[in-house]
2 protein chains.
Amino acid sequence: MRRRGAVLEDAILRAAADELAESGYPGLTMDRVAKRAGTNKNAIYRRWPNRAALGIAAYRQLMQDRTVIPDTGDLRTDVLETLRNANRHLSSPNGDILRGLLASLHTEPELLTELHERMADGGSELWLTILRRAVERGQARPEALNPRVATVAVVLLRNEYVTRGVTEVADEVIVEIVDDVYLPLVSSSTR
Amino acid sequence: MRRRGAVLEDAILRAAADELAESGYPGLTMDRVAKRAGTNKNAIYRRWPNRAALGIAAYRQLMQDRTVIPDTGDLRTDVLETLRNANRHLSSPNGDILRGLLASLHTEPELLTELHERMADGGSELWLTILRRAVERGQARPEALNPRVATVAVVLLRNEYVTRGVTEVADEVIVEIVDDVYLPLVSSSTR
DNA sequence: TACATAAGGTACTTGGTGTACCTTATTTTC
DNA sequence: GAAAATAAGGTACACCAAGTACCTTATGTA
């Protein structure tokens, strides 16, 4: 029996996600995905306009685990935990895939923004929530409740990966980002 | 007469730089560079192991203009000027090229770090100098004399380009980065 | 049962990287 | 000044991947 519609689409997506997980974005070729899904390139191109679009869809497939927002009652602890989570993600194979996608998409802004919203590490809501609670406790200044300020830590972290090409950021760097940059920037007291 | 050695090398580099400037990194193909330099691919491959290496060399060729360090006596003015310079660079065709290189090099860390050192926008020395002067004037806190802290502004700026895929960052964003993030982080007074 | 829709199969065009191999010009060395 | 070494030119090609064309075949739907 011949698969069609959603069934086939799922099979293709699963195959693409597997390829991504195994070989990263550079290894995601249409031929291999087609072969792995037991179909052919036409079926793929009827659904996604090009490789990049399939890559994003597959990456999304890979990322259904949602991040939890820590709430320990201490700003520094919350921030450290969240940043370490992001680092765990970025240094995992998935992070490598994300960077591969980010890299290849710099010419396609529409796809980039779509990816941006699904980026497991950069959701500003996450950071704003942490800060909102800290403000209520008097640990953070209210002016910090600003997406650009709130996400500074994770932006610096991602910067390590993107501009240095490292595959893993040491925990000392995480602590440095938090203690030298983030806390001085958002916290209310201590100076 | 047949060119060889440094003369030929220069010609290739110039051709590559021209291609980069005209068509960006994706448009930099070995065939076209060879043709433009009036030689052939062999001559190129004898000098650079692959396209990425040639790309970096060509980019470097393109960037001999050194950045000047402003010294107006006011921290905010110095920072704004420097960041606007970086933005001018990043939103120019050269910035596009830089991003294209950054993108394609995420798998080759050695090349990436080489590029990193030559990045016209991220030299931490530049920022440290600005801050050192500001500390002497009492406008910045001494703890800010730390590469990670000092370069926060330009990292955030580059982040706009890399993760949003925009081709130009508005001046309001620059001002926001400076006033909402950078100055609160480094300045000594005002809170 | 007829028709429309969607999948399979296959071959191909295009474009780019990197390599092989041979010929030819220019230095260097004896 | 000739011989040998070095480096450039020329051409063709293997290889790979994206994307397209076109036809055949299966599966729903009216």
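Chain naming here is simple, since letters A, B, ... match the order of the sequence lines and numbering starts at 1 in each. Heavy-atom basis, side chains included; hydrogens, waters and symmetry copies ignored.
Under the 3.5 Å distance criterion, the side-chain polar atoms of A:Gln139 are matched with a main-chain donor or acceptor of A:Leu75.
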Report each atom pair, protein N/O against N/O of nucleotides 24-26 of chain C, whose distance is under 3.5 angstrom.
residue: C:dT24; atom: O2; partner: B:Arg2; partner atom: NH1; Å: 2.9
residue: C:dT26; atom: OP1; partner: B:Arg2; partner atom: N; Å: 2.9

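Only one option out of A:Arg14, A:Lys35, A:Arg32 pairs with A:Glu19 in a salt bridge (charged side-chain N to carboxylate O under 4.0 Å, His left out); it is A:Arg32.
Contact record, B:Ser188 with B:Gly138: OG-O, 2.8 Å, taken as the closest heavy-atom pair. The nearest pair of heavy atoms linking A:Val181 to B:Leu185 is O-CD1, 3.4 Å.
Spacing between atom CD of A:Glu19 and atom P of D:dA17 amounts to 11 Å, rounded to whole angstrom units.
Of the residues in residues 40-52 of chain B, those placing a heavy atom less than 4.0 Å from an atom of DNA chain D are B:Asn40, B:Asn42, B:Ala43, B:Arg46, B:Arg47, in numerical order. Of the residues in residues 29-36 of chain B, none lies under 4.0 Å from DNA chain D by heavy-atom distance.
Each salt bridge (charged side-chain N to carboxylate O under 4.0 Å, His left out) pair with one or both residues in residues 175-188 of chain B, not counting sequence neighbours, appears once here: A:Arg148-B:Glu176, B:Arg76-B:Asp179.
Contact check, A:Thr39 against C:dG8: a side-chain N or O comes under 4.0 Å of OP1 or OP2.
A:Ile12 comes within 4.0 angstrom of nothing in the nucleic acid, heavy atoms only.
With sequence neighbours left out, the ring pair (Phe, Tyr, Trp, His ring centres under 6.0 Å) criterion links B:Tyr182 to B:Trp127. When the side-chain contact (heavy atoms from CB on, under 4.5 Å) test is applied to A:Asp78, the partners found at least two apart in sequence or on another chain are A:Pro70, A:Asp71, A:Thr72, A:Ile130, A:Arg137.
B:Asn85 and B:Arg88 form a side-chain donor-acceptor contact under 3.5 Å, judged by distance and modelled atom types alone. Looking at A:Asn40 and A:Tyr45, their side chains never bring a donor and an acceptor atom within 3.5 Å of each other.
A:Val79 and A:Val175 fall within the same hydrophobic cluster, where Ile, Leu, Val, Met, Phe, Trp and Tyr residues are linked whenever their side-chain heavy atoms come under 4.5 Å apart, directly or through other members.
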